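Proteins get letters first, then strands, A, B, ... in listed order; numbering begins at 1 in each. All values reported here derive from a predicted model rather than from experimental measurement.
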Number of protein chains: 2
Amino acid sequence: MTAALPQHPTKTQLLELVAALGTAQWQDFASAAARHGLTAVQAKLLGQLKGPVPMRGLATLLLCDASNVTGIVDRLEARGLVRREPDPADRRVKNVVATDEGREIIQRVRAEMQATHSALDALDEQERATLYALLERLRPGLERRA
Amino acid sequence: MTAALPQHPTKTQLLELVAALGTAQWQDFASAAARHGLTAVQAKLLGQLKGPVPMRGLATLLLCDASNVTGIVDRLEARGLVRREPDPADRRVKNVVATDEGREIIQRVRAEMQATHSALDALDEQERATLYALLERLRPGLERRA
DNA sequence: GTTGATGCTTGAGACCGTCAAGCAACTCGG
DNA sequence: CCGAGTTGCTTGACGGTCTCAAGCATCAAC
């Protein structure tokens, strides 16, 4: 008998569980990145580069000041994982592009997130679909800018 | 017609969704904390103090070096939100305790996480129970130390 | 063209995080 | 009891992350 099974968890319990899983996943990500000599923030920025993105766009994506992006890109560029390209339409803009090496590294980091992958393996296809649908419902509330 | 509805989202999609929600919640937490002059890390530490906790225990909880905890507790103590008490059983140990003001502030921060609360309001009791159960299944995989 | 907005960088300052080193106190074998 | 090893905490050095204010170049609009 599992008398402690919460049939109706409080919002607080759910909130704490989400927070705990979020930080656990972040740790997993950070340690995978560290194995390749990257910080979590650097890896996250690298992960946003599906195509050329202006510095300003990165600041918006990462919800931080533009001057912060300068430093992060500086360090990535020094390692050859990223390039700054002039924008043909607007000479103020610098577009950031991942190099081949950059793309390869971020792909490896994602693949090496062992804890996250093994956690998701605990669910079958159907359960994952249910979880995805529920989380998708949370998104609009969470991403609204206060 | 919603043809794009993923009946069976890939692990990658699910992973990215979890990551997005995790960082959104963290931002929410950080901005609630900032309204009270606290950083997210300070608020997180404060939230762990249900009773007296030794410095070493905090380092373990926060998955960081003990010397890091020293600085964070220093700043919280300077604001009077936390106290260091000697441990009666072991004179090496210093137990950290939240002051009344500290308890009050962390409670307010939690209550003021508007985005998170409104996100959870999008689900009814039954859905929350389902979500909780699914997330609980993810925990063992995620929290295993690699 | 002048005015104003926008994109990026720089510099100062605070916090977060690690590591190495150090001191105090505990523990345990002898 | 006593010395050896361990553990708990702090300090100092150093790098990364973040914000703010200031500055330069460029664009847009009148």
Of the nucleotides C:dT9, D:dC18, C:dC15, which one has an atom closest to the side chain of B:R75?
C:dC15
Between A:E85 and A:K94, does any side-chain N to carboxylate O distance fall below 4.0 Å?
no
What's A:T70 touching, base or sugar-phosphate or nothing? Going by heavy atoms closer than 4.0 Å.
base
Whole-Å distance separating the NZ atom of A:K44 from the P atom of D:dC18
9 Å
What is the distance, to the nearest angstrom, from the CD1 atom on B:I72 to the P atom on C:dG17?
6 Å
Tell me the interatomic distance from A:L46, atom CG, to D:dT17, atom P, rounded to whole angstroms.
13 Å
Can you find a donor-acceptor N/O pair under 3.5 angstrom joining the side chain of A:R92 to the base of C:dT6?
yes
Could you tell me whether the phosphate oxygens of C:dA5, OP1 or OP2, come under 4.0 Å of any side-chain nitrogen or oxygen in A:R56?
no
Other residues, nucleotides, ligands: >12 heavy atoms within 6.0 Å of A:Q48 CD
yes
Can A:R137 and B:E127 be counted as an ion pair, charged N to O under 4.0 angstrom?
yes
Atom CG of A:N95 to atom C1' of C:dT6: distance rounded to whole Å?
15 Å
Without decimals, in angstroms, what is the distance between B:D74 CG and C:dA14 P?
16 Å
Look at the side chain of B:V41 and decide which nucleotide, out of C:dC16, C:dT9, D:dC9, has an atom nearest to it.
C:dC16
Can you give me the N/O atom pairs linking the protein to nucleotides 20-22 of chain D at distances under 3.5 Å, or say none if there are none?
unit_1: D:dC20; atom_1: N4; unit_2: A:S67; atom_2: OG; d: 2.6

